Every structure is written in structure tokens, then in C-alpha cells.
Amino acid sequence: MTRAGRGSHRSKKKRVTLALAPVAAVAVAAALMNSAGAATASEVTADCSADSDKLENCEFVDVQFKRNSLGPNERVSAVTDNCASTATASKTFNVSASVTRTIQLEDGFTADAGTKLGDSFFEIGVKFSTSETNITRDDKTTTLAFSRTDTVQADSLAFFMWSAKRTDVSGFLRATYKEAQDGQKVFFAPSEGATSVHVFYPQILKNGTPDGRLWLRNVQCGTPEASGLRNSTRALRSEPGFGQAGENVTDMEIPLSEIPAP
């Protein structure tokens, strides 16, 4: 009798649970249907990047910024070989680097100026360009190119390194669609108030030269660092930052005041 009573009680609980399940399923389905027509963050990014006909407007909304943000560390000259020599050597280096406005969206990088979004990036750039800090607002390239003679250490490889100074403006995208989706025309990517969309505006000196850090790097021959250079097939591969390449590497910063104006 006792067992039968317990069994009856358990089956009641099961029946109640089964009765509630269809109600919950309907609620979930309704929620999914209500959000099905809304533009997702990735769709907003794609539509803005492609200047979709579905858009009335798309703009970049800045939230925060940082001046003098250093860009990637790049090798910007050929490698000069002074290995097996017991004396220093005077060598001439041809240095070449370029900077341009770079836009980092959720799905990668773009610098296309021929869209509503491109116009927005330009307008935001105007806000951050001052008499003290001139920045590149559009996607036009500014170059740094010169020849220079410097001393290469004994038994070393040497080359020039460069890291551009940039104004990093971060924020989000605000897209306005021509037709409402679920009663809503304005959508954000990745979300309103986010700071994951970055626009890097290169900073330019008053003489027209890109601002940044320039240094001569000497690498001791016969070391793993030297082997890596010899095996590299890329002329402008990424390298460790100034003073960060290890004990087999010596970095000497070059003042930009010594670099001729373009």
C-alpha cells in the first residue's frame, strides 16, 4: 500500500511537468519569432561595410580615444650582413615605411572610404585632428623614405625598425535601415556603447613626416634571432618592440629630427 501511494505521487508530478512543457516551448518559439527579423551585429557590420541598399545611414560613434598609441613593429629596411667580421662597419640603409588610416571591424580590417561608413570615419577624424596633433583622416598613404649611413656592430646583422604613432579611437557602429525590422530601424554593432570597433589615425609631424619610433637594430650572428632573420622570406615581417628582442639584440633609437622631410 505504501509503495503504491508513493508510485501514485510520483506519476502526478510527471503529469504536471509534461503539462507545462508545451507552454514553455510555445513561449520560446514566440521569443525566437519576435527576434528573427532583427539585424544581428554581424549583419550590421556587413551591411555597413558593403554600403548596403537596405541602409539609410551608417555611422561610427566614438566612445573613447588614446593618442600616441604605437602600431606594429615593422622591419623597414633590408638586412645588412657584417657577420664573421671583428670590426664595426659603416653601412648605408634605404629605409621605407608608410602609414594610412586603418579601421578594425568585428570581421577584420577595412579602409574603404567610398561608403557612408567611410564618410563617418573621416568626420570623426576631423574631431581629433588639432594644431598639436595632426592626424591622417582619410585612406591616403603617407610615406617615410630616406637613406642613412650608420654603424653596424662586429659580427652582426643590422636593419631599421619602425612603429608608427597613432590616435586610437574606439566605439561602435550605428546603422539606420530604410525599412523597420520588427518595428525598429536603428541597430548597433557590436552593441550600443561598445568600444570594440577601432579606427587608427596615423599622427603626422608638422613637416609632413609620419610620427613614430625609429630605431637601428643589431642582431648578433650565430644566434636564434639571426637564424630567424635569414630564414624569413618577408621583407616587412613583424618583430619584437624596442628593447624587447632579448640579450642578443641591441636597439638604438634614431630621433625623428634627424630624418629629412619628404
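Since this is a predicted model, take the numbers as computed values, not measurements. Residues take their numbers from the sequence shown, with the count starting at 1.
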Taking only residues at least two apart or on different chains, which pairs with a member in residues 151-163 satisfy side-chain hydrogen bond (donor to acceptor under 3.5 Å, both in side chains)? D155-Q220
Let me confirm one number: the CE-CD distance from M161 to E239, rounded to the nearest 0.5 Å. 5.0 Å
Among residues at least two apart in sequence or on other chains, which ones pass side chain to side chain donor-acceptor pair (under 3.5 Å) with D211? none
Of all heavy-atom pairs linking A39 and Y177, the shortest is CB-OH, 3.9 Å
Sequence-distant partners of E258, side chain to side chain contact (heavy atoms under 4.5 Å, CB included), two or more places apart: R148, I254, P255
Walk me through it: do S96 and V76 pass the test side-chain contact (heavy atoms from CB on, under 4.5 Å)? CA-CA 6 Å; S96 178; V76 291; 5.9 Å; no
I'd like to know whether S98 forms a side chain to side chain donor-acceptor pair (under 3.5 Å) with T143, so could you lay out the CA-CA distance, the side-chain angles of the two residues, the decisive distance to 0.1 Å, and finally the verdict. CA-CA 4 Å; S98 63; T143 59; over 6 Å; no
Of all heavy-atom pairs between T45 and A189, which one has the smallest distance, and what is that distance? OG1-CB, 3.6 Å
Residues two or more places apart in sequence or in another chain: which of them pass side chain to side chain contact (heavy atoms under 4.5 Å, CB included) with D62? F60, I124, K127, F128, V169
Please assess E179 against K54 for the test salt bridge (Lys or Arg N to Asp or Glu O under 4.0 Å), listing each intermediate value before the final yes or no. CA-CA 7 Å; E179 302 294 333; K54 297 184 293 184; over 6 Å; no
Considering all heavy atoms of both residues, which atom of R75 and which atom of F159 are nearest to each other, and what is their separation? CD-CD1, 3.3 Å
Answer with yes or no whether the hydrophobic clustering places V95 together with I259; edges join I, L, V, M, F, W, Y residues whose side-chain heavy atoms lie under 4.5 Å apart. yes
Considering residues at least two apart in sequence or located in another chain, which fulfil the side chain to side chain donor-acceptor pair (under 3.5 Å) criterion with S147? N94
Does the side-chain contact (heavy atoms from CB on, under 4.5 Å) test come out yes or no for N218 and V152, once each step is laid out? CA-CA 7 Å; N218 276 268; V152 179; 3.6 Å; yes
Among residues at least two apart in sequence or on other chains, which ones pass side chain to side chain donor-acceptor pair (under 3.5 Å) with S90? none
Give a yes or no answer on whether the side chain of D251 reaches the backbone of G243 with a donor-acceptor pair at less than 3.5 Å. yes
Transitively linked via ILVMFWY side-chain contacts under 4.5 Å: V61 with L105? no
For Q64, all residues meeting side chain to side chain contact (heavy atoms under 4.5 Å, CB included), sequence neighbours excluded: S170, T195
List in chain and number order the residues that pass side chain to side chain contact (heavy atoms under 4.5 Å, CB included) with T142, two or more places apart in sequence or in another chain; answer none if no residue qualifies. V99, T136, I204, P210
Quick check on the hydrophobic clustering: are L256 and F160 connected, directly or via other members, by side-chain heavy-atom contacts under 4.5 Å? yes
Could you walk me through whether C48 and L55 pass the side-chain contact (heavy atoms from CB on, under 4.5 Å) check? CA-CA 8 Å; C48 286; L55 291 176; 4.1 Å; yes
Does one hydrophobic cluster hold both L157 and W215, with members joined at side-chain heavy-atom distances below 4.5 Å? yes
For the pair F146 and T209, evaluate side-chain contact (heavy atoms from CB on, under 4.5 Å) and give the outcome as yes or no after the intermediate values. CA-CA 11 Å; F146 62 93; T209 300; over 6 Å; no
My understanding is that only residues two or more places apart in sequence, or in another chain, count here; which of them pass side chain to side chain donor-acceptor pair (under 3.5 Å) with S131? none
With rounding to the nearest 0.5 angstrom, report the OG1 to NE2 distance, T102 to H198. 12.5 Å
Atom of K178, atom of E56 and distance for their closest heavy-atom approach: CG-N, 3.7 Å
Does E123 have any salt bridge (Lys or Arg N to Asp or Glu O under 4.0 Å) partners at least two apart in sequence or in another chain, and if so, which? none
OG1/T250 to CZ/R217 distance, rounded to the nearest 0.5 angstrom? 9.5 Å
Give a yes or no on whether I135 and I103 share a hydrophobic cluster (residues Ile, Leu, Val, Met, Phe, Trp, Tyr; joining criterion: side-chain heavy atoms under 4.5 Å apart). yes
If I compare all heavy atoms of G222 with all of A226, which pair ends up nearest, and what's the gap? N-CB, 4.0 Å
For the NZ atom of K206 and the CG atom of N134, what is their distance to the nearest 0.5 Å? 10.0 Å
Working to the nearest 0.5 Å, report the span between NZ of K91 and CG of D150. 13.0 Å
To the closest 0.5 Å, what do you measure between CZ (F200) and OG1 (T100)? 13.0 Å
If I compare all heavy atoms of F93 with all of S77, which pair ends up nearest, and what's the gap? CD2-OG, 3.9 Å
R166: which residues meet the salt bridge (Lys or Arg N to Asp or Glu O under 4.0 Å) condition with it, sequence neighbours left out? none
List in chain and number order the residues that pass salt bridge (Lys or Arg N to Asp or Glu O under 4.0 Å) with E192, two or more places apart in sequence or in another chain; answer none if no residue qualifies. none
